[in-house]
Amino acid sequence: MMRVRFAPSPTGFLHVGNARTAVLNYLVKKKNNAAYILRIEDTDTQRSTMESEQSILSDLKWLGIQWDEGPDCGGKFGPYRQSERFDIYRQFTEKLLITGNAYHCYCTQEELDAMRAKAAEHNKPFVYPGTCRHLSLEQKLAYEHQGRKPTVRFRVNDGISIVVNDHIKGKVVFSSENIGGDFIIVRSDGIPVYNYIVIIDDTLMNITHVIRGEDHLPNTPKQMLIAMALDLPAPEYAHMPLLLGPDRTKLSKRHGITSVSIYREQGYLSQALFNYLALLGWTTRSGEEIVSIEELVEQFELSKIGKSPAIFDFQKLKWMNSEYLKNLPSEQVYSLFYPYLEKAGYTTHDTGWLNSVIDTIRGNCQIASDIVSEIAIFFGDTVEPDQEAGELLSQQESKAIIMTAYELVTSNEVNEHNYHQLLNAIKQKTGLKGKMLFMPFRAMITGRLHGPELDKIIPLLGYQRFKKRIENCYQRFIN
RNA sequence: GUCCCCGUCGUCUAGGGGUCUAGGACACCGGGUUUUCAUCCCGGCAACAGGGGUUCGAAUCCCCUCGGGGAUGCCA
């Protein structure tokens, strides 16, 4: 049986790059009926938090990703938090120490930093020289007396070539002399490091396919070396190209929003994000872009994923979201929008009216939070014109419209029974039509140059507000 | 520096020796429908990194150069 995994570290919010890894793994699971294992890699005790873990789990669920085994639901291969598996790792460390594949290293941080600095100075790659490889008992005791706490290093012998037959990258060959020498597998505080335990967990959890970001490719030979020393079978690998920002460096916060939770807060639809993330790196046969999860699963193949990195296009994601929003049934749109409106203070007891308003402006929203600025024109007796509306209303051509509207409204010639005819009345009186008529009128009533159809706005506004806005506009731009 | 990965429109990509005067989508620009906004429709702009091979023929295969990215942590 095929088993895949997603293994985030709970050191912050779920990043879209990681979310893509989670999504791709999910596609593989669905396509091949595989088991999906969620493992929490929380060995960085300084930065790992339970809050992060919870928010990551919550974001994954929101995205529609369901796992079969994980810290919240258990499974046959648990525990699923690395921090709860230290006893397991200790046994393997013992074994490596006994077989001579690992040894205690008493070099201090400072000593190592100095060696690194020196290597950099000479433009040489840093390779741990194996200083502590053959320490005598006396030397060890002397170090212990100094209060040094040893790390455990994995012994890397020269002349070994490690081949990764990657499902995406193809055959990648590394030489053992190029991986920096003996590397640390257990820190001086006794906590094992990622590169060491990741392979133990992958094999112990029977993971058959490790699908992860390309940044892990250079780590893979280290992991495979450990597997060899421990006589564990290595899983198959697929390294996906990275997600980049517009400047072509690894996508990070400074490029914009990178947390799934923020997309969620801003009112992106999970299906849209899933769809976008899933299609970064490959396409469907037809080239169709708006694709259901079922169809994505149906058409997905690991080998179809491209080898080159992809730049995360915030704009295209937004477009995709708007497509999903358009196709959402009204009831779902209402319940999607309500929380944003409440938070912004746009509340009313007249749900019917509110829903009608939403119906008329939902098309102008690309993401749910857009509703807040779109709905503003329906609230308040007066409106503050934005810059372009203000400029238009200040122009000479607009004055006739404002004055005519004002006169008709104040003379009661136009009243609550016929006010939606005002536009036509102005047209007759001024002879203006088209843009020349509509735009100043729109600006006067809504304070903006963009928005839904005027014919729909006016009845929803009601006569009182309508009138007040005209009066206000008159005072503002004519008086 | 060293190791590894990658290189088709601005972006995501299709293409895997002839069907490529390189296709689609986002973005952008123009036009049309709508007496207004948006939608929608139509059109346009725009790419095989460069140089050598191999071949009758190369975006496609090989080599080099250049460019970009990642790794090089007692982070993951």
Side-chain angles (χ1 to χ4, degrees), chain A residues 7-11 18 41-44 46-48 82 105 107-109 112-113 116 119-127 149-153 164 166 168-170 172-175 177-180 183-195 198 212-221 239 241-242 244 246-250 276 279-290 306-320 326 360-361 363-364 423-424 427 432-443 446 448-457:
Chain A
S9 336
T11 55
N18 289 125
E41 310 217 316
D42 55 351
T43 53
D44 186 338
Q46 297 292 312
R47 296 192 299 146
S48 298
Q82 292 187 321
C105 171
C107 296
T108 61
Q109 196 81 253
L112 293 168
D113 287 347
R116 263 192 207 99
E121 212 176 287
H122 295 269
N123 256 338
K124 295 265 191 212
F126 171 69
V127 179
K149 295 258 182 267
T151 59
V152 178
R153 277 190 192 268
V164 183
D166 195 277
I168 294 170
K169 300 290 182 182
V172 184
V173 184
F174 297 89
S175 304
E177 43 267 316
N178 286 330
I179 61 180
F183 57 92
I184 291 171
I185 56 174
V186 181
R187 297 186 273 224
S188 54
D189 63 2
I191 296 175
V193 306
Y194 164 79
N195 263 324
V198 68
R212 60 182 7 169
E214 192 181 357
D215 45 344
H216 289 292
L217 186 53
N219 288 330
T220 310
H239 288 94
L242 255 22
L244 270 32
D247 63 354
R248 298 203 153 273
T249 63
K250 208 171 163 182
Y276 179 69
L279 247 30
L280 231 35
W282 65 287
T283 341
T284 53
R285 284 183 290 273
S286 59
E288 208 85 40
E289 313 245 19
I290 305 295
K307 294 180 176 193
S308 48
I311 292 173
F312 191 88
D313 188 341
F314 299 91
Q315 215 160 206
K316 189 155 184 177
L317 169 60
K318 215 168 207 189
W319 164 77
M320 200 170 263
K326 268 181 218 157
T360 78
I361 52 179
N364 296 50
L423 197 55
N424 277 326
K427 183 184 178 180
L432 292 165
K433 60 180 180 176
K435 254 191 165 65
M436 296 300 286
L437 170 67
F438 271 72
M439 292 307 274
F441 193 81
R442 175 184 286 283
T446 71
R448 298 186 193 172
L449 263 32
H450 305 273
E453 280 178 70
L454 275 168
D455 285 347
K456 289 188 175 165
I457 297 175

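Here is how names work: the chains are called A, B, and so on, in the same order as the sequence lines, proteins then strands, and each is numbered from 1.
Looking at heavy-atom distances under 4.0 Å, A/Thr43 makes contact with sugar-phosphate atoms alone, never a base. Among the atoms of the strands shown, only primed sugar atoms or phosphate atoms (P, OP1, OP2) are found under 4.0 Å from some heavy atom of A/Val173. Residue A/Gly213 is classed as having no contact, given no heavy-atom separation below 4.0 Å to the nucleic acid. Nucleic acid contact class of A/Phe441 (heavy atoms, under 4.0 Å, all strands): none.
The side-chain heavy atoms of A/Ile168 and A/His239, taken from C-beta on, include no pair separated by under 4.5 Å. Looking at A/Ile191 and A/Gln82, their side chains never come closer than 4.5 Å, going by heavy atoms from C-beta outward.
Listed candidates were B/U11, B/A76, B/C5. Nearest to the side chain of A/Ile311 is B/U11. Here the nucleotide nearest the side chain of A/Ala310, chosen from B/C12, B/A76, B/C3, is B/C12.
Residues satisfying the salt bridge (charged side-chain N to carboxylate O under 4.0 Å, His left out) test with A/Glu453, not counting sequence neighbours, are A/Lys456. With sequence neighbours excluded, the residues satisfying salt bridge (charged side-chain N to carboxylate O under 4.0 Å, His left out) with A/Lys316 are A/Glu289. Here A/Lys427 pairs with nothing under the salt bridge (charged side-chain N to carboxylate O under 4.0 Å, His left out) rule; sequence neighbours left out. In this structure, A/Asp455 has no salt bridge (charged side-chain N to carboxylate O under 4.0 Å, His left out) partners at least two apart in sequence or on a different chain.
For the P atoms, the distance from B/C41 to B/C26 is 10 Å, rounded to whole Å. Atom name C1', nucleotides B/G15 and B/G30: the rounded distance is 30 Å, in whole Å. Atom P of B/C29 sits at a distance of 16 Å from the matching atom of B/C45, rounded to the whole Å. Atom name C1', nucleotides B/A47 and B/A25: the rounded distance is 15 Å, in whole Å. Spacing between B/C4 and B/C61 at atom C1', rounded to whole Å, works out to 23 Å. Taking atom C1' on both nucleotides, B/A46 is separated from B/A27 by 12 Å, rounded to a whole Å. Taking the C1' atoms as reference points, B/U33 lies 8 Å from B/C40, given to the whole Å. Nucleotides B/C48 and B/U60 are separated by 10 Å at their C1' atoms, to the nearest Å.
For the pair A/His122 NE2 and B/U2 C1', the interatomic distance rounds to 15 Å; values are reported in whole Å. Regarding A/Trp282, its CH2 atom lies at a distance of 21 Å from the C1' atom of B/C6, rounded to whole Å.
Under the Watson-Crick or G-U wobble criterion, with both distances below 3.5 Å, B/A71 is paired with B/U2. Using the Watson-Crick or G-U wobble rule with both distances under 3.5 Å, B/A14 pairs with nothing in any strand shown. B/G7: Watson-Crick or G-U partner is B/C66, with both key distances under 3.5 Å. As the counterpart of B/U55, no nucleotide is assigned, since no Watson-Crick or G-U wobble pattern has both distances under 3.5 Å.
Ring centroids of A/Tyr276 and A/Phe312 are separated by less than 6.0 Å, placing the two rings close together.
Mapping A/Leu280 and A/Val172 onto RNA chain B by nearest heavy atom places A/Val172 at the nucleotide closer to the 5' end.
Going from atom OH of A/Tyr194 over to atom CG of A/Asp44 covers 13.5 Å, rounded to the nearest 0.5 Å.
In terms of heavy-atom proximity, A/Asp42 sits nearest to A/Ser48 at CA-OG, 3.5 Å. Of all heavy-atom pairs between A/Lys307 and A/Lys169, the closest is O-NZ, 3.0 Å. What you find for A/Phe174 and A/Pro221 is that their closest heavy atoms are CG-CG, 3.6 Å.
Side-chain nitrogen and oxygen atoms of A/Lys307 include at least one within less than 4.0 Å of the OP1 or OP2 phosphate oxygen of B/C6.
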Exercise. Going 5' to 3' along nucleotides 21-40 of chain B, which nucleotides have protein heavy atoms under 4.0 Å from the base (write B), which only from the sugar-phosphate (write S), and which from neither (write -)?
Worked result: ---BBSS-------BBBSSS
Problem set entry | Base versus backbone protein contacts along nucleotides 63-74 of chain B [heavy-atom cut-off under 4.0 Å; B, S, -] | -----SSSS-SB
